[in-house]
Amino acid sequence: MPLLEPREGVPDVVADAAGLERVIAAFAAGTGPVAVDAERASGYRYGQRAYLIQLRRAGAGTALIDPVGCPDLSGLDAALADAELVLHAANQDLPCLAEVGLVPRRLFDTELAGRLLGYPRVGLGSMVENVLGFLLEKGHSAADWSTRPLPDDWLRYAALDVELLVELRDALEAELEAAGKLGWALEEFAAILAMPPKPPRADPWRRTSGIHRVRNRRALATVREVWEARDKIARERDLSPGRVLQDAAIVELALKAPKTPAELQALPTMRGRGARRHQSAWLRAVSRARGLSDRELPEANLPGDGPPPAHRWADRDPEAAKRLTAARAVVAALAEEHTMPSENLMQPDSVRRLAWTPPGEASASAVAAALSALGARRWQVELTAQPLARAFLRLEYKGDV
């Protein structure tokens, strides 16, 4: 059945203090879990701030809040301190909600619940359709939500995103209970809330798409200088960096190192208006990289804090490569048995680290301690520690390690 209109209609957008006070009073008087969603302007604006926040609670109805006009939601946060917040793919929205002061103490993540239950498609539209039988229109998910005023059909779409979220939560909770997985889900939700903010990434310019084509350190320096120039312009203009200059253009500047405006304009990736608008900034960046001493050039590769790429293990540590193959097989088999993706049973990075640096003895207790130190939750340790220890012991008995 298509879901076309919110039950109470599309509410007006709250964009001032008086309106926010009314929302706070209504939601404080409401009951039960609170459905929450946020719309960003990814691909249009710099950063990941929220440009619309949607909430729904029994007894309060639906609210649409403009966080540009209402940038401080700490009052709403206090009113909801004892409530469970229901989000879909919580990791995507929690950072931008925290920026405006909305931080859940209790959480139910409907996407993660779907993963633990083995649903093959866990997008909100798919989950609402498969679990509740309603078709949810998802046509505006990639829109520029910084647009003002927001079009009526966008607001309807936004309100519908929280229309059935609590009903979806209740249905999934019942399925988790029936499958014996509710305790696992609660551990996962608590882990999401306890997760500290991600630290700034070292050398973020190294994530430039296509950088693998750049083979020498001076060209890498050009990538760095152009990336940083682009980031400064994007931040100042509040634009997504890709709208200022595409990654492909950064790589081409590094490979061709143009010296004049004519050489720069001749590059195929520099024909867009945004690229040409700041051509002097790109030429200055290329020139800075050209003038660096060898000592100032970036290293070709940063030393990692974990194991090397798995494809190199067979040469560097054949025993570790065999452990990794065995560990992956164990996790895959257990995940299939419990009907969930392998990465939700055990993070691939944890599997690699365990195989590369195993505990001193291949006992279940030692493997359990190692997994706990890697951040595995109790339910994950209980399911995997003994089978992983047995797999490592089999390798030792066979003389393979």
Side-chain angles (χ1 to χ4, degrees), residues 3 5-42 44-110 124 136-138 140-166 168-169 238:
L3 190 63
E5 289 287 339
R7 276 166 277 193
E8 302 92 9
V10 180
D12 292 334
V13 177
V14 173
D16 57 32
L20 181 58
E21 286 301 319
R22 289 192 292 271
V23 168
I24 292 173
F27 275 76
T31 59
V34 182
V36 184
D37 191 22
E39 306 295 347
R40 298 178 297 278
S42 303
Y44 295 93
R45 297 293 180 180
Y46 190 87
Q48 293 296 314
R49 68 169 296 179
Y51 284 94
L52 186 72
I53 294 173
Q54 309 100 279
L55 305 101
R56 183 174 178 83
R57 191 180 199 187
T62 297
L64 302 179
I65 300 176
D66 179 359
V68 178
C70 300
D72 181 6
L73 299 187
S74 56
L76 178 62
D77 180 72
L80 301 179
D82 296 329
E84 176 190 84
L85 269 57
V86 183
L87 288 90
H88 192 82
N91 281 328
Q92 296 181 20
D93 288 340
L94 287 177
C96 68
L97 293 174
E99 285 183 4
V100 295
L102 196 56
V103 181
R105 283 73 163 175
R106 290 191 292 137
L107 173 70
F108 193 104
D109 186 333
T110 50
L124 180 59
L136 192 61
E137 192 264 322
K138 297 299 295 177
H140 301 299
S141 58
D144 179 4
W145 287 89
S146 67
T147 300
R148 293 297 184 271
L150 286 165
D152 290 344
D153 56 331
W154 295 16
L155 296 175
R156 182 177 298 103
Y157 159 90
L160 289 174
D161 263 3
V162 293
E163 180 76 8
L164 296 177
L165 199 52
V166 172
L168 178 61
R169 171 241 182 266
D238 190 20

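Taking SG from C96 and CD from E39, the interatomic distance works out to 9.5 Å, rounded to the nearest 0.5 Å. Rounded to the nearest 0.5 angstrom, L160 CG and Q54 CD are separated by 10.0 Å. L168 CG to L136 CG: the interatomic distance, rounded to the nearest 0.5 Å, is 10.0 Å. For the atom pair L20 CG and D72 CG, the distance stands at 8.5 Å (nearest 0.5 Å).
Proximity of L107 to L87: side-chain heavy atoms (C-beta onward) are separated by under 4.5 Å at one or more points. In this structure, D93 and R40 have side chains that are in contact, with non-hydrogen atoms separated by less than 4.5 Å. For the pair F108/H88, no side-chain contact is recorded, criterion being any heavy-atom separation below 4.5 Å from C-beta on. Two residues are said to be in side-chain contact when any heavy atoms from C-beta on lie closer than 4.5 Å; I65 and L76 meet this criterion. P6 places none of its side-chain heavy atoms less than 4.5 Å from the side chain of T62.
Remark: D12 CG is loosely packed, at most 12 non-hydrogen atoms of other residues, nucleotides or ligands lying under 6.0 Å away.
Counting only residues at least two apart or on different chains, no ring pair (Phe, Tyr, Trp, His ring centres under 6.0 Å) pair has a member in residues 9-33.
Side-chain atoms of D109 come within 3.5 Å of backbone atoms of A90 as a donor-acceptor pair (strictly under, hydrogens ignored). Put simply, the side chain of R56 never gets that close to the backbone of V36: no donor and acceptor are under 3.5 Å apart. Between the side chain of R169 and the main chain of T110, no donor-acceptor pair closer than 3.5 Å is present. For D238 (side chain) and Y46 (main-chain N/O), a donor-acceptor pair under 3.5 Å exists by modelled atom type.
Residues C70 and A15 share a closest heavy-atom pair of SG-C, 3.6 Å. Residues V34 and A83 come closest through the heavy atom pair CG2-CB, 4.0 Å. Contact record, V86 with P33: CG2-CB, 3.7 Å, taken as the closest heavy-atom pair. Of all heavy-atom pairs spanning Q48 and S42, the tightest one is OE1-OG, 2.9 Å. Of all heavy-atom pairs spanning A60 and A26, the tightest one is CB-O, 3.4 Å.
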message: Quick one, V100 with I53, criterion side chain to side chain contact (heavy atoms under 4.5 Å, CB included). Give me CA distance, side-chain angles, the key distance, then yes/no.
response: CA-CA 10 Å; V100 295; I53 294 173; 3.8 Å; yes
message: Test side chain to side chain contact (heavy atoms under 4.5 Å, CB included) on L52 and L155; report intermediate values, then the result.
response: CA-CA 9 Å; L52 186 72; L155 296 175; 4.2 Å; yes
Worked verdict on R57 versus L80 for side chain to side chain contact (heavy atoms under 4.5 Å, CB included): CA-CA 11 Å; R57 191 180 199 187; L80 301 179; 3.7 Å; yes
task: Using the side chain to side chain contact (heavy atoms under 4.5 Å, CB included) rule, take L64 and L55 through it: C-alpha gap first, then chi angles, then the decisive distance, then the call.
output: CA-CA 7 Å; L64 302 179; L55 305 101; over 6 Å; no
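Electrostatic pairing of R105 and E84 does not count as a salt bridge here, judged by no charged N lying under 4.0 Å from a carboxylate O. Between D161 and R156 there is no salt bridge, since no side-chain nitrogen of the basic residue lies less than 4.0 Å from a carboxylate oxygen of the acidic one. Ion pairing between D82 and R106 fails under the 4.0 Å rule for side-chain N and carboxylate O.
A cation-pi arrangement, defined by a distance under 6.0 Å to the six-membered ring centre and an angle within 45 degrees of its axis, is present between R49 and Y51.
Taking the six-membered ring where the residue is Trp, W154 and H140 present tilted rings, their angle falling between 30° and 60°.
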